[in-house]
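Please read these numbers as outputs of a predicted model, since none were measured by experiment. Residues: numbered from 1 along the sequence shown.
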Amino acid sequence: MSQRLKVGVVGAGAMGASHIATLAASVPAAQVTRVFDMDTARAKAVAESVGGEASDSAEALIADPEVDAVVVASPDFTHADLAITAIAAGKYVLCEKPLAVTAEDAHKVVEAELAAGRKFVQVGFNRRFDPGFVDLKGSIVDGTLGEVRLMHGIHRNATNLTSTDSSTLVTGSMIHEFDTFRWLLDDEIVGIRVESPIAEGFRDPQVATLWMATGQMVTAEVFCNAAYGYDVRVEVVGTGGSASLEPRTAVVRRVAGQGGSSIGSDFVAHFIESYRLELAAWAEASLAGEVVGASAWDGYVANLVAASGVAALHSGTREAVTVPERPDLYA
């Protein structure tokens, strides 16, 4: 592998284009060499803006000798197959969440890594790299809060173009919360109930209650069309205190008897630093022959929780989450 990681990016939409710009401007260990998108004109324009070239297909991009590693930022239903193709080619992958649409397909990625005898895939659960979330985890790990009893999460979008029905709200948006809570508490989710004040049609917002293996209870509110902006918050409550990850406050303006600050609506802008740190860590790890962040196993388990969440939304009851024994590769 070359001294700089030669990266091919599949998908040049909002997420893919942002990753390409960040890799080119802020990740010295990486160089974007190839881009593929179904919109060929867009792929060409985005690739050429960073000195790369457009590929004829995702498969051609993965097979290209000018590509050492692959970022998958294409539609969700393509993720698992592209990750498996990259594994077969012996190339490291940063796959945007979710790893797959179903737990069954996510497990196929795990099986591909087990067959290869090594890890190749990092799943794009970027909150693991966000400085605020890292600090929050530190308050849990160092015992500052005592024994954690409760956790509350809020995840609101102004609008959402990918989570467009009741099930994809769970599998495409709430799946972030599932990974975040597992990572923050270093524990497994064993039960889930999902409810909504909306009885028919697109049931948005939704509130999930999660039960962890060691006894903590967690609530997660996800509102995909909250209108007012993008808003992510978490509070951890322990026997010794609480810690909150609050909205980032911009300049507060006081004019004509009113005061306040603006709330952004762009999730990429909100988490841009976490994406930079995630991409930098991935590039450096790939050059070293390693995988950091959320693994394919973590992606699979998040899909398992999501599947139980969808079942709970329909049943109106608590559903069990059964996680198989973790393979030694992911120990």
Side-chain angles (χ1 to χ4, degrees), residues 97-98 122-156 169-171 173-195 205-223 230-249 270-271 273-274 277-278 281 292-295 297-309 312-313 317-326 330-331:
K97 65 83 192 166
Q122 176 182 330
V123 182
F125 287 121
N126 61 294
R127 296 182 190 177
R128 293 183 179 221
F129 295 89
D130 180 79
F133 276 94
V134 171
D135 191 17
L136 186 64
K137 184 175 174 68
S139 295
I140 297 171
V141 173
D142 67 13
T144 299
L145 306 180
E147 295 184 16
V148 174
R149 294 285 189 258
L150 299 168
M151 188 176 295
H152 307 287
I154 288 173
H155 176 183
R156 299 173 187 154
L169 186 151
V170 178
T171 61
S173 291
M174 194 180 287
I175 199 166
H176 257 306
E177 277 59 48
F178 302 150
D179 181 74
T180 298
F181 299 142
R182 289 183 64 245
W183 170 69
L184 284 173
L185 295 173
D186 193 22
D187 197 12
E188 296 294 357
I189 298 166
V190 296
I192 181 171
R193 185 175 67 236
V194 181
E195 300 169 289
Q206 295 176 14
V207 176
T209 303
L210 309 171
W211 288 266
M212 309 303 294
T214 52
Q216 300 97 335
M217 289 182 65
V218 180
T219 61
E221 175 213 311
V222 177
F223 196 173
Y230 186 73
D231 192 359
V232 171
R233 289 176 255 163
V234 177
E235 181 184 20
V236 182
V237 184
T239 55
S242 70
S244 299
L245 184 63
E246 299 289 342
R248 296 163 187 172
T249 303
H270 183 93
F271 277 117
E273 179 64 3
S274 72
L277 293 168
E278 175 189 51
V292 295
S295 67
W297 179 259
D298 293 315
Y300 164 60
V301 174
N303 273 114
L304 279 177
V305 179
S308 293
L313 181 65
T317 61
R318 170 176 167 168
E319 297 284 343
V321 179
T322 303
V323 179
E325 184 177 352
R326 185 191 301 258
Y330 303 100

**OP:** Might you work through the side-chain contact (heavy atoms from CB on, under 4.5 Å) test for Met212 and Val148, ending with a clear yes or no?
**Re:** CA-CA 11 Å; Met212 309 303 294; Val148 174; over 6 Å; no

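- Contacts classified as salt bridge (charged side-chain N to carboxylate O under 4.0 Å, His left out) and involving residues 207-223 (residues at least two apart or in different chains) are given here: Arg156-Glu221.
- For the atom pair CG of Asp130 and CD of Glu278, the computed distance is 10.5 Å after rounding to the nearest 0.5 Å.
- For Ala307, there are no side chain to side chain contact (heavy atoms under 4.5 Å, CB included) partners at least two apart in sequence or on another chain.
- Phe133 and Leu245 get closest at one heavy-atom pair: CE1-CD2, 3.2 Å.
- Checked against Met151 for a side chain to side chain contact (heavy atoms under 4.5 Å, CB included), the options Thr219, Thr180, Val218 give a single hit: Val218.
- In terms of heavy-atom proximity, Gly309 sits nearest to Val194 at O-CG2, 3.5 Å.
- Pairs of residues two or more places apart, or lying in two chains, that qualify as salt bridge (charged side-chain N to carboxylate O under 4.0 Å, His left out) and include a residue from residues 233-246 are Asp231-Arg233.
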Subject >> Evaluation steps, side-chain contact (heavy atoms from CB on, under 4.5 Å), between Phe178 and Val301 >> reply: CA-CA 9 Å; Phe178 302 150; Val301 174; over 6 Å; no

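- A donor-acceptor distance shorter than 3.5 angstrom exists from the side chain of Ser308 to the backbone of Ala320, with no hydrogens or angles considered.
- With sequence neighbours excluded, the residues that form a side chain to side chain contact (heavy atoms under 4.5 Å, CB included) with Glu195 are Arg193.
- Taking 4.5 Å as the limit, some side-chain heavy atom of Glu147 sits within range of a side-chain heavy atom of Thr239.
- Scanning both residues, Ser244 and Leu136, for their nearest heavy atoms gives N-CD1, 4.5 Å.
- For the atom pair CH2 (Trp211) and CD1 (Ile189), the distance works out to 11.5 Å, reported to the nearest 0.5 Å.
- A donor-acceptor pair is defined here as one N or O able to donate and one able to accept, closer than 3.5 Å; such a pair exists between the side chain of Lys137 and the backbone of Trp183.
- Minimum interatomic distance between Ser173 and Val222 (heavy atoms only, all atoms of both residues): CB-CG1, 4.0 Å.
- Of all heavy-atom pairs spanning Ala208 and Met174, the tightest one is CB-SD, 3.7 Å.
- Between Arg128 and Asp179 there is a salt bridge, with a side-chain nitrogen of the basic residue lying less than 4.0 Å from a carboxylate oxygen of the acidic one.
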Original post:
Would Glu177 and Ile175 satisfy side-chain contact (heavy atoms from CB on, under 4.5 Å), going step by step from the backbone distance to the final call?
Top reply: CA-CA 5 Å; Glu177 277 59 48; Ile175 199 166; over 6 Å; no

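- Residues passing the side chain to side chain contact (heavy atoms under 4.5 Å, CB included) test with Leu277, sequence neighbours excluded: Phe129, Pro131, Glu273.
- Applying the side chain to side chain contact (heavy atoms under 4.5 Å, CB included) test to Arg326 and every residue at least two apart in sequence or in another chain returns Arg182, Glu188, Trp297, Asp298, Tyr330.
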**OP:** Go through Val305 and Phe181 one step at a time and tell me if the side-chain contact (heavy atoms from CB on, under 4.5 Å) criterion holds.
**Re:** CA-CA 11 Å; Val305 179; Phe181 299 142; over 6 Å; no

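- Ring-plane geometry between Phe125 and His176 is classed as perpendicular, the angle between the planes exceeding 60 degrees on a 0 to 90 degree scale with a lower cut at 30.
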